[in-house]
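All values below were derived from every heavy atom in this structure, side-chain atoms included, with hydrogens, water molecules and symmetry-related copies excluded.
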Amino acid sequence: MKKLILFSNVSKMKTMKIWRNILVMCAAMLSLASCSSDDDDKDIVEQVTIFVSAETGTYNVVPGNTFVEGMMIREQGESAFYCVSFHTITDFTYERGHEYELLVKRTTLANPTQDSGNYRYELVRIVSDKKLE
C-alpha cells in the first residue's frame, strides 16, 4: 500500500511540474509576441502646418538649468506655442520679427534617441512670411 501512495505522490508532482512548465512557456511566448509588432519599428511621416511666432522664447537644456533662446512654434489645431531650437526644422532659417506659416514633413520617430525628441521636422515650403514691425 505504501508503494502505491508513493507512486501517486510522484505522479502528481510530475504532472504539476509539466503544467508549470507549460504555463511558463505560454507566458514567454505571449510576451515575445507582444514585443514583435512591426508597427512599432516604423517611423510615421506626415505633412503638417506649423505656425512660427515673430517672438522668441527660451527652453531648458537637459540636464541642468541652462536656458537657451529658440523660436516659438505651434502645430495647426493647437492653441499654445512652445519653444524649440532654431535648428529644429531642417532647411528653414528663422528671422527675428517674422511670423511664418510653414508646411513641413513631420516624422514621428519609432525609436528616438534618448537625447532627442519624438519628432523630426523638414521644411516642405513656406506658406506665408509676414514681417512684423
In sequence, state the C-alpha distance, the side-chain angles, and the governing distance for Leu123 and Leu102, and then conclude on side-chain contact (heavy atoms from CB on, under 4.5 Å). CA-CA 7 Å; Leu123 180 66; Leu102 308 175; 4.0 Å; yes
Hey, quick one: are Val48 and Val52 part of the same hydrophobic cluster, counting side-chain heavy atoms closer than 4.5 Å, chains of contacts allowed? yes
Using the ring-ring contact (aromatic ring centres under 6.0 Å, His included) criterion, which residues pair with Phe81? Sequence neighbours excluded. none
Is any side-chain heavy atom of Pro112 closer than 4.5 Å to one of Tyr119? no
Indicate, with yes or no, if Tyr82 and Tyr94 share a hydrophobic cluster defined by side-chain heavy-atom contacts under 4.5 Å among Ile, Leu, Val, Met, Phe, Trp and Tyr. yes
Kindly indicate whether the side chain of Met72, heavy atoms from C-beta on, has any atom under 4.5 Å from the side chain of Thr56. no
Do Lys131 and Asp129 have side chains that approach each other closer than 4.5 Å (heavy atoms only, starting at C-beta)? no
Taken in chain and number order and not counting sequence neighbours, the residues that satisfy ring-ring contact (aromatic ring centres under 6.0 Å, His included) with Phe92 are Tyr100
Kindly state each residue pair satisfying salt bridge (charged side-chain N to carboxylate O under 4.0 Å, His left out) with at least one member in residues 79-101, sequence neighbours excluded. Glu69-Arg96
Quick check for you: to the nearest 0.5 Å, what is the distance between Arg120 atom CZ and Thr90 atom OG1? 7.5 Å
Contact check, side chains of Phe51 and Gln76, non-hydrogen atoms, under 4.5 Å: yes
Roughly how far apart are Glu78 CD and Ile50 CD1, rounded to 0.5 Å? 9.0 Å
Are any side-chain N or O atoms of Thr107 and backbone N or O atoms of Leu109, one a donor and one an acceptor, separated by less than 3.5 Å? no
Going hydrophobic residue to hydrophobic residue with side-chain gaps under 4.5 angstrom, can you get from Leu103 over to Ile126? no
Are Glu75 and Tyr121 linked by a side-chain donor-acceptor pair shorter than 3.5 Å? yes
Co-membership, hydrophobic cluster, residues Met71 and Phe67, 4.5 Å side-chain: no
If you compare all heavy atoms of Ala110 against all heavy atoms of Asp43, which two are closest, and at what distance to 0.1 Å? N-OD1, 2.8 Å
Nearest heavy atoms of Gly70 and Tyr59, plus distance in Å: CA-CE2, 4.2 Å
Considering only heavy atoms from C-beta outward, does the side chain of Val124 approach that of Gln47 to under 4.5 Å? yes
